[in-house]
Amino acid sequence: MTPWEVEGRVDYDELIRMWGTQRVTDELLDKIEKRTGNLHLLLRRRVFYSHRDLDWILEIYDKEKFILYTGRGPSGPVHIGHLIPWILCKHLQDSFDTKLYFQITDDEKFLLHPEFTAEVAHNWAYHNALDVIAVGFDPEKSFLFSDMDYAKTLYNMAIRIAKHITLSTAKAVFGFKDQTNVGMIFYPAIQIAPCFFPSELEGRKTPVLIPAAIDQDPYWRVTRDIAEKMGYYKPAQIHGIFLPSLLGPSGKMSASESKSAVYTIDTEKDVKTKIMNALTGGQPTVEEQRNFGGDPDICVIYQYMYFLFEEDDKKLLGRRQECRSGDLLCGECKEYLVEKIVQFLKEFQRKREKAKDVLEDFLLKD
Ligand code: TYM
């Protein structure tokens, strides 16, 4: 796994061991619940399962309030997987009354994709910003920027960071090769920079919490190595697992394979076609399903409900049991999910349209 590619089945427990992160424990969740009065389903279901220093962020909250940082690499339309960390961010923003810095890395996607012009990447930044706003962030407390548009402030911070990172560290952490363009090799300094913006812009050493899927962790490992040397706190993280591809239970969804994910701009017909063709944990025939039951643990449809589309824990458990016993058929389950997603997208697309009018309120510019 690199921040740009995830192949095969991901062993999430192994990542905790390999990367030295902490598991999200019951005790930590209790502390969050005490503060916020409730636990978001992405937390109570352990979709966000690993962290660094989240306990510290909670401990010092009364004295030093944290600020959220997350982002998006605009390589095409946003899919529902991308929304997962943003939905948690919104919940955290509302519950802890915090500011959010949101980076849109049009530079990264231009450098990464040979076929992209800078204009194409920058244009996707605009379209993806609408999705970010549609999640419902507070315009007074949320600051969005495209790297290309916020280049002056960003560059000034990035050079200070880049001076602390050697090529051998960058190669070891990100897997860069001799053929990698030098823009990509500098890029980590750009994604690290917003970790330190809150301290600079607020004029106080500020704790930062980064909600993201675990693929982005390589950046934070490098950041944490250099933060204190540069006079900042190490940023804290909360790491999510991936909403799986509709075509198989492993890995991340692919921007290049449109059938692998539901996009926020999909029509009802798109959703129906994609969900009806998705891989399930069901048996090949109705008769076998009735006799042997299905396996929700390898079912993408079940995962979609688990992540977002069945809020009620009792109903989710009921589905799980009915699937296992053979009482529930895959077709029925798929239809239920289609309905849930269509409802969700109808509302999301309405907000996305409205976002065009308020985009300017969210943008940070030099
Ligand atoms: P990007 O655009 O690949 O992904 C955006 C966010 O979505 C997460 N993610 C997923 N979460 C759940 N299920 C999935 N299938 C899934 N696929 C992606 C990613 O972890 C990410 O949180 N380089 C970054 C942009 C970035 C950024 C950041 C991300 C800049 N600064 C700070 C997080 C935090 C990127 O290309 O993300």
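Every number for a ligand or one of its atoms is a count from 1 in the order of the listing. Keep in mind that this is a model prediction, so the values were computed, not measured.
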What's in the same ILVMFWY side-chain cluster as V120, cut-off under 4.5 Å, chained through other members? F116, W124

Less than 4.0 angstrom from a charged side-chain N to a carboxylate O is my criterion; do E360 and K365 meet it? yes

Using a 3.5 Å cut-off on N or O atoms only, is G81 in polar contact with ligand 1? yes

Determine whether any heavy atom of W220 lies closer than 4.0 Å to an atom of ligand 1. yes

If hydrogens are left out, which of K109, H82, Q191, H79 has an atom nearest to atom 23 (N) of ligand 1, that is, the closest non-hydrogen atom? Q191

So is there a nitrogen or oxygen of L243 less than 3.5 Å from a nitrogen or oxygen in ligand 1? yes

Angle class for the Y219/Y187 ring planes (parallel below 30°, perpendicular above 60°, tilted otherwise)? perpendicular

So is N128 touching ligand 1 or not, going by heavy atoms under 4.0 Å? no

Would you mind finding which of P3, G71, C89 brings a heavy atom closest to atom 33 (C) of ligand 1? G71

Geometric N/O contact T70 with ligand 1, under 3.5 angstrom: no

Holding to ring pair (Phe, Tyr, Trp, His ring centres under 6.0 Å), I want the full list of residues that pass it with Y302, two or more places apart in sequence or in another chain. none

In terms of the angle between their ring planes, are Y12 and Y49 parallel, tilted or perpendicular, with boundaries placed at 30° and 60°? perpendicular

